[in-house]
Number of protein chains: 2
Amino acid sequence: MRIGELSARTGVSRRSLRYYEDQGLLVSSRSPSGQRHYDDDHVRRVHLIQAFLAAGMSSATIAEMVPCMAEPSRHKARHALAIMNRERARLSSAMDGLAAARSALDHLIEDNRNYLAKPAADEP
Amino acid sequence: MRIGELSARTGVSRRSLRYYEDQGLLVSSRSPSGQRHYDDDHVRRVHLIQAFLAAGMSSATIAEMVPCMAEPSRHKARHALAIMNRERARLSSAMDGLAAARSALDHLIEDNRNYLAKPAADEP
DNA sequence: CTTGCCCCTGACATCGATGTGAGCGTTTAG
DNA sequence: CTAAACGCTCACATCGATGTCAGGGGCAAG
C-alpha cells in the first residue's frame with residue numbers, strides 16, 4: 001500500500017508518517033519513482049509508535065528502543081534494554097501522577113456537587 | 001512569603017509562578033511596591049496546579065475548573081462541573097493509554113531479554 | 001549611602017510533533 | 001491522451017509552558 005492508505009488505515013497523517021521515517025522510526029521500501037510502499041507489518045508498527053508517542057516518549061527515545069533500521073547487535077540490545085527500563089519507570093510514575101491528579105479532581109468534583117446541592121443562599 | 005520562597009518551597013520557577021498568575025490560576029496580594037506575597041494556601045494551590053499540568057491539562061482548562069478568582073456562582077459551578085467530568089474522562093483514558101504503552105514495552109523488554117539470553121550466533 | 005540580593009515587567013527563544021502550502025512528478029480511470 | 005487523485009520534497013507556521021536576558025526598582029545590613 002502507499003502512504004495514503006497507511007494513513008487512512010492508522011489514522012495518522014501522511015505528514016506524520018514521513019516524519020516518523022525521517023526520525024528513523026519507520027522504514028519504507030521505495031518504488032522506482034520514489035513513492036513509499038508499506039505492508040501490514042507497518043500498520044502494526046505505526047500503532048506501536050502512536051502508543052509510545054501518546055505515552056510521552058520522544059521520537060528519539062523510540063528510535064533508540066526499537067531497532068527497526070540496522071541489524072541488531074548485542075551491544076545495541078543492551079543499550080535498548082537500558083532505555084526501555086528507564087522508560088518503563090517513567091511510564092509507571094506518570095501513571096501515578098495521573099492517578100493523583102484524578103483523585104484530586106474527584107475531590108473538586110465532590111466539593112462542587114455539594115455546593116450545587118445546597119439550596120441557593122447568596123446569589124448576586 | 002515572597003515569590004522566591006514560594007518557588008523554593010514548591011520547586012516551581014518564579015517564571016512559572018508569574019505565568020500561573022497571568023493565566024488566572026493563582027492570585028497574589030501585592031505589597032505597595034508591587035511585590036507578590038503568598039501564604040501556605042498558595043503552596044497547596046501550586047501543588048494542585050502542578051499535578052494538573054503534569055496530567056496534561058492546559059492552563060486554560062485549569063482556569064475554568066478552579067474558580068480561584070471571582071466569587072462562585074451556580075452557573076459557573078455547573079460549567080466547571082462539566083469541564084471536570086470531561087477532564088476526568090480524559091485522565092482515565094490517558095491512564096489506559098499509558099497502561100497499554102507499558103504493556104507493549106514489557107513485550108519488547110521480554111523479546112530483548114530473550115535475544116540477549118541466546119548464545120551469540122551471528123555477530124558481525 | 002552603598003552593597004548585595006530580591007523583585008518587577010516585557011520581550012524573545014526553545015522544543016517536538018504536526019499543519020499547511022508551494023511546486024513538481026506519478027499513477028490510474030475514463 | 002487527459003484529468004483527477006495521489007505522491008515527493010522543502011520550508012515555514014503553530015502551540016504551550018518554560019528559560020533567559022535586559023533595564024529598572026525595593027529593602028535590609030554594613
Side-chain angles (χ1 to χ4, degrees), chain A residues 1-39 42 45-66 68 83 87 90 94 97-98 101, chain B residues 1-39 42 45-66 68 83 87 90 94 97-98 101:
Chain A
M1 81 192 82
R2 290 184 295 169
I3 202 174
E5 190 177 343
L6 183 60
S7 168
R9 204 172 283 193
T10 57
V12 175
S13 72
R14 295 149 228 250
R15 175 69 173 89
S16 295
L17 292 174
R18 297 197 187 100
Y19 177 73
Y20 297 165
E21 177 164 338
D22 217 56
Q23 303 299 303
L25 309 183
L26 201 56
V27 259
S28 65
S29 47
R30 298 295 189 109
S31 79
S33 68
Q35 303 204 341
R36 295 170 175 83
H37 283 255
Y38 306 94
D39 57 30
H42 290 94
R45 166 65 56 105
V46 169
H47 282 138
L48 186 64
I49 294 173
Q50 278 284 292
F52 284 166
L53 281 180
M57 297 185 193
S58 76
S59 60
T61 297
I62 303 179
E64 277 183 312
M65 292 189 332
V66 179
C68 57
I83 305 283
E87 286 305 307
R90 219 186 46 74
L98 283 190
Chain B
M1 78 193 82
R2 288 183 297 170
I3 201 174
E5 191 178 343
L6 182 61
S7 167
R9 203 172 283 192
T10 58
V12 175
S13 72
R14 294 148 229 252
R15 175 68 173 88
S16 295
L17 293 174
R18 297 197 188 100
Y19 177 73
Y20 297 164
E21 177 164 339
D22 217 56
Q23 303 299 305
L25 310 183
L26 200 57
V27 259
S28 65
S29 47
R30 299 294 190 107
S31 79
S33 68
Q35 305 204 340
R36 295 168 174 84
H37 284 254
Y38 305 95
D39 56 31
H42 290 94
R45 165 66 54 108
V46 169
H47 282 138
L48 185 65
I49 293 172
Q50 278 283 292
F52 284 166
L53 281 180
M57 297 185 194
S58 76
S59 61
T61 298
I62 303 178
E64 278 183 312
M65 291 190 333
V66 179
C68 57
I83 305 283
E87 286 306 306
R90 217 186 47 73
L98 283 190

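- Mapped onto DNA chain D by nearest heavy atom, B:M57 and B:S33 fall at different nucleotides, with B:M57 at the one closer to the 5' end.
- For the OP1/OP2 pair of C:dT18 and a distance below 4.0 Å, the side-chain nitrogens and oxygens of A:Y19 include no atom meeting the criterion.
- Distances from the side chain of B:S16 to the nucleotides D:dG19, D:dG7, C:dC7 place D:dG19 closest.
- Looking at heavy-atom distances under 4.0 Å, A:R18 makes contact with a base.
- Spacing between atom CD1 of B:I3 and atom C1' of C:dC8 amounts to 9 Å, rounded to whole angstrom units.
- Remark: C1' of D:dG16 and CZ of B:F52 are 18 Å apart, rounded to the nearest angstrom.
- If you measure from atom OH of B:Y20 to atom C1' of D:dA17, you get 8 Å, rounded to the nearest angstrom.
- In this structure, the CZ atom of B:R2 is 8 Å from the C1' atom of D:dG26, given to the nearest Å.
- Side-chain contact between B:T10 and B:Q50 is absent, with no heavy-atom pair separated by less than 4.5 Å.
- You'll find the side chain of B:R2 stays beyond 4.5 Å of the side chain of B:R36, heavy atoms only.
- When the C1' atom of C:dT26 is taken as reference, atom NE2 of A:H37 falls 10 Å away, rounded to whole Å.
- Along DNA chain D, the nucleotide closest to B:P32 and the one closest to A:G4 are compared, and the more 5′ of them pairs with A:G4.
- OP1 or OP2 of D:dG19 lies within a sub-4.0 Å distance of a side-chain N or O belonging to B:S13.
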May I have the step-by-step check of salt bridge (Lys or Arg N to Asp or Glu O under 4.0 Å) for B:E87 and B:R90, ending in yes or no?
CA-CA 5 Å; B:E87 286 306 306; B:R90 217 186 47 73; 2.9 Å; yes
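- The side chain of B:S58 contributes no N or O atom lying less than 4.0 Å from OP1 or OP2 of D:dC15.
- The side chain of B:S59 contributes an N or O atom lying less than 4.0 Å from OP1 or OP2 of D:dA17.
- C:dC8 atom C1' lies 14 Å from atom CG of B:L17, rounded to whole Å.
- The nearest pair of heavy atoms linking B:L25 to B:R45 is O-NH1, 3.4 Å.
- Within 3.5 Å, a donor on the side chain of A:R15 pairs with an acceptor on the base of C:dT20, or the reverse.
- Side-chain atoms of A:S28 never come within 3.5 Å of backbone atoms of A:Y38 as a donor-acceptor pair (strictly under, hydrogens ignored).
- The CD-P distance, from B:E5 to C:dC5, rounds to 18 Å in whole Å.
- Atom pair A:R30:CZ and D:dC8:C1' shows a separation of 8 Å (rounding to whole Å applied).
- The nucleotide whose nearest atom lies closest to any side-chain atom of A:Q50 is, among D:dC6, C:dT18, D:dC8, C:dT18.
- B:R14 has a side-chain polar atom (N or O) that falls below the 4.0 Å cut-off from OP1 or OP2 of C:dC7.
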